[in-house]
Asks: 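One structure, pasted below without further comment.
Just so it is clear, the model here is predicted, and its values are computed rather than measured. So that the names make sense, note that chain A is the first sequence line, chain B the second, and so on, each numbered from 1.
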Amino acid sequence: MVSASVEGGPAGRAPGFVIPSGSFPGPLDLESTLASGQVFTWDQAPDGCWEGVVEGRAIRVGQRADGLLVESKLSEASVRRYFRLDDDLEAIYRSFPPDPPLKAAVRRYRGLRLLRQDPWECALSFVLATFCNVPRIRRMARALSLEYGETVEGRPYLPSPERLASATEARLRELGLGYRAPNVLDLARRVAEGHLALGALRGRPYDEVVATLMEVRGIGRKVADCIALFSLEHMEAVPVDVWVERILKLRAPDLRSYPELAGFARSWLGPFAGYAQQYLYHQARMGAAEPCRGA
DNA sequence: AACCAGGTCTCGA
DNA sequence: TCGAGACCTGGT
């Protein structure tokens with residue numbers, strides 16, 4: 001067999017490097033990070049490595065005892081930024097309240113990091129995500145990638161706003177998006193036409209970010225919080241989905257509305273409430289999927 | 001085969 | 001302002 005791997009070709013092997021564990025504060029657990037329901041475009045290869053696209057480049061990452069193995073044309077700085085290796089995870093853990101279930105979730109998923117996602121990918125993903133389960137979100141994202149997306153170094157990836165804006169609602173429904181089809185179109189058109197500058201929302205105040213995002217059809221408070229937390233640096237944002245709502249109502253049974261629940265979560269969980277939320281969410285969802293598993 | 005899913009929108013009180 | 005229903009579809 002001839003291994004004719006050409007640098008840059010689809011089968012080409014990207015340069016590899018290791019980001020040593022000691023070179024960033026706190027642990028990193030790839031499995032928890034990439035399978036915790038914050039991102040839907042990564043796949044796990046048979047060898048256990050994860051494959052995705054970051055900043056328009058393909059990337060393969062693997063968990064190693066000595067750190068994070070990376071195969072990509074991306075710079076190390078880009079990878080560090082994406083995986084939020086600048087976050088001092090132990091300090092974030094210390095900021096959490098002494099809540100036994102939260103402590104259990106942290107113990108179990110230690111090393112779960114929020115990602116610094118591209119705002120467009122994040123917004124598109126969570127408009128797709130409304131009221132459906134994670135496997136289906138991944139399926140819809142894959143369908144959009146294959147139908148309208150571009151291939152990034154051999155890997156299918158989500159379409160640009162411009163490309164998606166040219167889609168028809170009927171075709172999007174055929175791809176299985178259901179009633180999300182017009183919402184996805186509205187989002188794509190606003191971004192493509194420059195009426196919604198997602199990148200410019202970085203650094204803007206939380207209330208302004210949420211209000212701006214909610215102008216899009218299909219983006220309510222919860223989806224806006226997801227975008228704010230996962231791609232716009234608002235670690236205080238607490239997306240309240242059905243799982244998190246159950247958890248919050250155990251502590252505050254009298255709270256009903258979304259603003260009340262999210263506000264309670266922020267005061268209870270502290271400045272990194274969004275981080276804590278992700279541990280609670282992941283714990284709840286995995287617990288439901290695998291009911292019998294001793295701690 | 002029901003029941004549920006990282007909700008949002010509309011509408012009537 | 002608040003609660004109730006409708007809503008596409010596929011996983012489990």
Asks: Can you check the distance between B:dT8 and C:dG11, where both ends of the measurement are the P atom (answer in whole Å)?
Replies: 22 Å
Asks: Between the side chains of A:E150 and A:S160, does any donor sit under 3.5 Å from an acceptor?
Replies: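 No, no side-chain donor-acceptor contact under 3.5 Å.
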Asks: Mind checking A:V240 for me? I need base, sugar-phosphate or nothing, with any heavy atom below 4.0 Å counting as a touch.
Replies: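 No contact.
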Asks: Name the atoms and distances for all side-chain donor-acceptor pairs under 3.5 Å in residues 127-137 of chain A, with sequence neighbours left out.
Replies:
residue: A:T130; atom: OG1; partner: A:V127; partner atom: O; Å: 3.3
residue: A:N133; atom: OD1; partner: A:R136; partner atom: N; Å: 3.2
residue: A:R136; atom: NH2; partner: A:G176; partner atom: O; Å: 2.8

Asks: Going 5' to 3' along DNA chain B, which are the first and last nucleotides with any atom under 4.0 Å from a heavy atom of chain A?
Replies: B:dA5 to B:dT10
Asks: Would you measure the distance from the C1' atom in C:dC7 across to the matching atom in B:dA5 and give it in whole Å?
Replies: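 These two C1' atoms come out 13 Å apart once rounded.
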Asks: Answer with base, sugar-phosphate or nothing: what part of the nucleic acid does A:Y258 contact at a heavy-atom distance below 4.0 Å?
Replies: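 No contact at all - A:Y258 keeps every heavy atom at 4.0 Å or more from the nucleic acid.
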Asks: When the C1' atoms of C:dA6 and B:dC4 are considered, how many whole Å apart are they?
Replies: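 To the nearest whole Å, 16 Å.
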Asks: Counting only heavy atoms and a strict 4.0 angstrom limit, can you tell me which residues of residues 176-193 of chain A come near DNA chain C?
Replies: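 Only A:G178, A:Y179, A:R180 qualify.
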Asks: Got a sec? Which of residues 119-135 of chain A come in under 4.0 Å of DNA chain C, heavy atoms?
Replies: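 Output list: A:F131, A:N133, A:P135.
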Asks: Could you tell me if the side chain of A:E90 sits less than 4.5 Å from the side chain of A:P27, heavy atoms only?
Replies: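 Yes. Closest side-chain heavy atoms under 4.5 Å.
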Asks: Rounded to whole angstrom units, what separation is found between the CD atom of A:E245 and the P atom of C:dG3?
Replies: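 Computing the A:E245:CD to C:dG3:P distance gives 11 Å.
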Asks: Looking at DNA chain B, which of residues 33-44 of chain A put a heavy atom within less than 4.0 Å of it?
Replies: A:S36, A:G37, A:Q38
Asks: Please give the distance between the C1' atoms of C:dG10 and B:dA1 as a whole number of Å.
Replies: 14 Å
Asks: Which part of the nucleic acid, if any, lies within contact of A:R246, taking any heavy atom under 4.0 Å across all strands shown: a base, the sugar-phosphate backbone alone, or nothing?
Replies: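 Sugar-phosphate, backbone atoms only, no base.
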Asks: May I ask you to check if A:R246 and A:W243 form a cation-pi contact, with NZ or CZ under 6.0 angstrom from the six-membered ring centre and within 45° of the axis?
Replies: yes
Asks: Do A:K249 and A:L261 come within less than 4.5 Å of each other through their side chains, counting heavy atoms only?
Replies: yes
Asks: Using a 4.0 Å heavy-atom cut-off across all strands, classify A:E260 as base, sugar-phosphate, or nothing.
Replies: nothing
Asks: So what does the secondary structure string of DNA chain C come out as, 5' to 3', with Watson-Crick or wobble pairs under 3.5 angstrom, [ ] for crossing and | for pairs with another strand?
Replies: |||||||.||||
